[in-house]
Amino acid sequence: MTPEERDARTEMARLCRSLFERGFSVGSAGNVSVRLEDGYLVTPTNCRLGDLEPDRIAKLDRDFAHLSGDRPTKEVFLHRAFLKTRPEAQAVVHLHSTWATALSCLVDTNPEDCVPPLTPYVVMRVGKVRLLPYVRPGDPRMGEMIHGLDGRFAAVLLANHGPVVTGRTLFDAVAAAEELEETAKLLVALRGQPVRLPDETQVTELHEVFG
Ligand code: ZN
């Protein structure tokens, strides 16, 4: 095992435990993947993110065939679709976190832009988010829908299910998933109230300054 892979496994276990301990994932919900030089690391099926053992994390080859470790999550196709279409993404975080999932259940959530730019931070860390229609867990159409977005979005919300978020590093993907969750909480809390959103010029300025 390369030092790079060893460090990635340790970092994955540390950040997954942090997500679990702060309530972003409960039970065995949620899964995480990281890109390596020679393949991918993916959290195992039916594991609690709080109890991840670095050596048991599933290793997949470049074609996502299972090489070693425990069997990967059944939702691996979400990760595959994003990692294939966003070459700059080094990691994917999928959660069933409460507020983002609540937002994904509301009938008036705009599927084209389901997380309005309420704060500068969600614009900088997450960007525009698509809401993808409900399909049952494990249905490969979910991966096909993410594939169909051609890597244009760094994050999506799966209707009645939860968010899938990418990042340039695992740390960035986790931070973006946290930002998405906190923004979803604000959006649900502010429902029915007249809300002032940053205007187009202010959003453009954020893209220009922060990329
Ligand atoms: Zn899920």
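Residue indices begin at 1 and follow the sequence shown. Both counts, for ligands and for their atoms, begin at 1 and track the order of listing.
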Would [X] and [Y] pass as an ion pair if we require N to O under 4.0 Å?
| X | Y | value |
| --- | --- | --- |
| Glu178 | Arg22 | yes |
| Lys59 | Asp38 | yes |
| Arg6 | Asp55 | yes |
| Asp172 | Arg125 | no |
| Lys185 | Glu181 | no |

Open item on the list: Measuring from atom NE2 of His94 to atom OG1 of Thr166, what distance do you get when rounded to the nearest 0.5 angstrom?
Closed with: 14.0 Å
TODO: Provide the protein N, O or S atoms situated under 2.8 Å from the Zn ion (ligand 1); waters are not included.
DONE: Glu75 OE1, Glu75 OE2, His94 NE2, His96 NE2, His161 NE2
